[in-house]
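Comments concern the structure below.
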Amino acid sequence: NQEIELKTQEISAYGASAKQLYGPGFAITGNSSEFIDPIFSSGVTFATHSGLLAAKLAVKTLNGEQVNWEEDFKNHILLGVETFRTYVDSWYDGTLQDIFFYTSETAETNATNAKMKRQICSVLAGYVWDETNPFVKKHKKAVSSLARVVKLY
């Protein structure tokens, strides 16, 4: 038996982005297009959503229909990526923990807080394109505003 010594290393970021998400005859989907973080399951969400979307758009393209890949694919996927990135960043800076572990002395505030936590959990479950959820539609502002409020108490 030989002993192997491994040196400790720091990885400063897990994220990776493709420079181009589509082009003539191709669309990059899943973790190949955008990889944000190894802890949350964003890769599963982006893989299934981007793969299905690219397939639908490819069928339209092959059928001679006009497809705006920039708007219908790239911008749509990046909207979800940016939404999810807000939550990944807020996890690592501690903001999300402040929100999740906040409790109030009033039942009304706790009920509101529980509703907001469910909306945030929905985002973390992959519903990053559901713009009926205020924590998707205005993700950066919603998270930072809520964090400021809970830190006051």
Side-chain angles (χ1 to χ4, degrees), residues 8-104 109-151:
T8 305
Q9 296 178 352
E10 178 182 338
I11 299 174
S12 61
Y14 284 102
S17 300
K19 292 181 179 168
Q20 188 175 349
L21 295 183
Y22 69 92
F26 77 91
I28 297 177
T29 64
N31 281 350
S32 298
S33 61
E34 189 75 35
F35 179 73
I36 298 176
D37 181 83
I39 294 174
F40 297 100
S41 295
S42 61
V44 174
T45 297
F46 295 126
T48 56
H49 189 82
S50 64
L52 180 60
L53 180 58
K56 288 178 179 180
L57 295 174
V59 167
K60 285 183 176 184
T61 300
L62 293 171
N63 287 333
E65 297 177 46
Q66 282 287 6
V67 174
N68 183 339
W69 283 88
E70 185 75 12
E71 186 63 34
D72 299 339
F73 184 72
K74 178 186 172 194
N75 292 349
H76 176 77
I77 296 302
L78 292 181
L79 176 73
V81 167
E82 288 308 311
T83 300
F84 210 96
R85 188 181 315 278
T86 294
Y87 293 90
V88 169
D89 290 345
S90 67
W91 172 261
Y92 284 108
D93 71 17
T95 301
L96 210 51
Q97 290 88 332
D98 291 340
I99 292 169
F100 281 142
F101 294 116
Y102 170 77
T103 57
S104 171
T109 302
N110 280 332
T112 301
N113 191 28
K115 178 182 178 184
M116 289 187 279
K117 287 177 184 178
R118 284 191 302 274
Q119 290 171 320
I120 291 171
C121 285
S122 174
V123 175
L124 297 175
Y127 294 95
V128 293
W129 292 278
D130 176 10
E131 292 195 344
T132 64
N133 181 343
F135 287 91
V136 170
K137 189 166 181 96
K138 297 185 184 267
H139 51 94
K140 287 181 184 177
K141 186 174 183 176
V143 170
S144 64
S145 295
L146 183 56
R148 280 196 304 279
V149 168
V150 300
K151 286 180 182 179

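When reading the values below, keep in mind they use all heavy atoms of this one structure, side chains included, and skip hydrogens, waters and symmetry mates.
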Drop me the distance from [X]'s [atom1] to [Y]'s [atom2], to the nearest 0.5 angstrom.
X      : Y      : atom1 : atom2 : value
Thr83  : Glu131 : OG1   : CD    : 7.5 Å
Asp72  : Leu53  : CG    : CG    : 7.5 Å
Lys137 : Leu79  : NZ    : CG    : 10.0 Å
Phe100 : Thr95  : CZ    : OG1   : 11.5 Å

Which pair of heavy atoms, one from [X] and one from [Y], lies closest together, and at what distance?
X      : Y      : value
Thr45  : Thr48  : O-OG1, 3.2 Å
Tyr22  : Lys74  : CE2-CB, 4.0 Å
Gln119 : Pro134 : NE2-CD, 3.5 Å
Val136 : Val128 : CG1-O, 3.3 Å
Glu71  : Asn75  : OE1-ND2, 3.1 Å

**Report entry** Lys117 NZ: over 12 foreign heavy atoms closer than 6.0 Å
**Finding:**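 Buried by this count: over 12 neighbours within 6.0 Å.
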Any donor-acceptor pair under 3.5 Å linking the side chain of [X] with the backbone of [Y]?
X      : Y      : result
Ser145 : Ala142 : no
Ser122 : Arg118 : no
Asn133 : Phe135 : yes

Report task. Could you please spell out the steps behind the side-chain contact (heavy atoms from CB on, under 4.5 Å) verdict for Thr86 and Val123? Result -> CA-CA 10 Å; Thr86 294; Val123 175; over 6 Å; no
Query raised in the report: Side-chain contact, heavy-atom cut-off 4.5 Å: Phe73 with Thr29?
Result: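 Touching, per the 4.5 Å side-chain cut-off.
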Query raised in the report: Mind checking whether Leu124 and Trp91 have side chains closer than 4.5 Å, heavy atoms only?
Result: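 A side-chain contact is absent here, since even the closest heavy-atom pair is not under 4.5 Å.
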Query raised in the report: Which class fits the ring pair His49 and Trp129: parallel under 30°, tilted 30 to 60°, perpendicular over 60°?
Result: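 The rings of His49 and Trp129 lie parallel, inter-plane angle below 30°.
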Requested in this report: Take Val81 and Phe46, measure what side-chain contact (heavy atoms from CB on, under 4.5 Å) needs, and give me the verdict at the end.
Outcome: CA-CA 8 Å; Val81 167; Phe46 295 126; 3.9 Å; yes
Report task. Start with the C-alpha gap between Leu78 and Leu21, add the side-chain angles, then the distance that decides, and say whether side-chain contact (heavy atoms from CB on, under 4.5 Å) holds. Result -> CA-CA 10 Å; Leu78 292 181; Leu21 295 183; 4.2 Å; yes
Query raised in the report: Run the side-chain contact (heavy atoms from CB on, under 4.5 Å) check on Leu146 and Met116 step by step: do they pass?
Result: CA-CA 9 Å; Leu146 183 56; Met116 289 187 279; 3.8 Å; yes
